[in-house]
Protein chains: 2
Amino acid sequence: MSQVFVDVGISLDGYLAGPDRGPQNPMGGVSMQLHEWLFAEKAFRERLGIPGGEEGAAGPLIRRIFDRIGANVMGRNMFDEGEASWPEEAPFGCPVFVVTHRPREPWIRPGGTTFHFVTDGFEAALALARAAAGKKDVRISGGADLVRQALNAGVVEEMTLHVAPLILGRGLRLLDGVEPGKFALRQTDSIEAGGVSHITYDVIGK
Amino acid sequence: MSQVFVDVGISLDGYLAGPDRGPQNPMGGVSMQLHEWLFAEKAFRERLGIPGGEEGAAGPLIRRIFDRIGANVMGRNMFDEGEASWPEEAPFGCPVFVVTHRPREPWIRPGGTTFHFVTDGFEAALALARAAAGKKDVRISGGADLVRQALNAGVVEEMTLHVAPLILGRGLRLLDGVEPGKFALRQTDSIEAGGVSHITYDVIGK
């Protein structure tokens, strides 16, 4: 059964991105710090077409995530930052539905990623992503606004957080504005790999 | 070698306590939610003199924490809330140095806990706790203000967080106001027990 899931890296104090982020400063400059464990892994670098990396403890975890994704839903800020920084072969390998107010023709990248721009809201983008994913899963890619919107709408079924040993002190917090009364979390997995805690929750609507 | 450590339970969004807390409402009423895993464990209930509980996966972890503590340093708010809610045999079994502006005679409880009230600041309380602990470790018990003060002063050597699968949305956040530039964290352990993630960091001063 196809699932809707969130899978993001955050700092120990809950930040998904640093301050002053934008297309000229993707993720507020903290991507390498937050995702150091990821960039160290061969499984991730292969996907981005970057040579090197090690076959580390987080390798199986990374492959499992990539393998399950049939389609992505993404917020406009994340897309704008990514458009300026992803390699030509954008690292998704499947359809990405971008929630935006600006209509645009689909943007087809080599390697199987096509960005579709959806102007009638999150729910519409999610319906398109579900249809495109078939039996595979739909990832709510981010950013924080979109994750919050998805959690508050009660459509997220699973959430994995990769908690890096880092205190940022400011920036964009993942869980600010999430409405606690709308769902409960049940921890289903918590493992250590690459010096980071990888915690998975079932998200149970109330 | 004696260590100074922090060991606290927080919600997934980083809260140590709920809103509107005080002696009439210890921890803002969220203690049972945050520490459900702890109250389920025989190892913890024994310490508080509460019958029942199970010998669960977190038992060894809890005993290890209790066994290492030679003395505690505690903030005044935490003491005020605890004074109103701890059982007569307060659950520390060793000296507790309370940082406060209000002088008071030592308060001796049955079971080995004595509260000492230190009016010349955190560093003075820590020095007394170190002396009292001998070869055992000093726990910075909380609340959030005292943990922040200890982290920013560069005296904490290890920090364990018990991250409960709970979003509180408001209250007292543990890591707000911590100065990220003053230290680095290195994750040394991350385990799952009782549906909660127990993550330990070395705190490395810069």
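Residue numbers begin at 1 in each chain, while the letters A, B, ... track the order of the sequences.
- Proximity to chain B at a heavy-atom threshold of 4.5 Å picks out A/I167, A/L168, A/G169, A/R173, A/L175, A/D176, A/V178, A/P180, A/F183, A/L185, A/Q187, A/S190, A/I191, A/E192, A/G195, A/V196, A/S197, A/I199 from residues 167-200 of chain A, in numerical order.
- Taking 4.5 Å as the heavy-atom cut-off, none of the residues of residues 83-100 of chain A approach chain B.
- Residues of residues 36-55 of chain B having a heavy atom under 4.5 Å from any heavy atom of chain A: none.
- In terms of heavy-atom pairs under 4.5 angstrom with chain A, the leader among B/D13, B/L166, B/L12 is B/L12.
- Residues of residues 138-146 of chain B never come within less than 4.5 angstrom of chain A, heavy atom to heavy atom.
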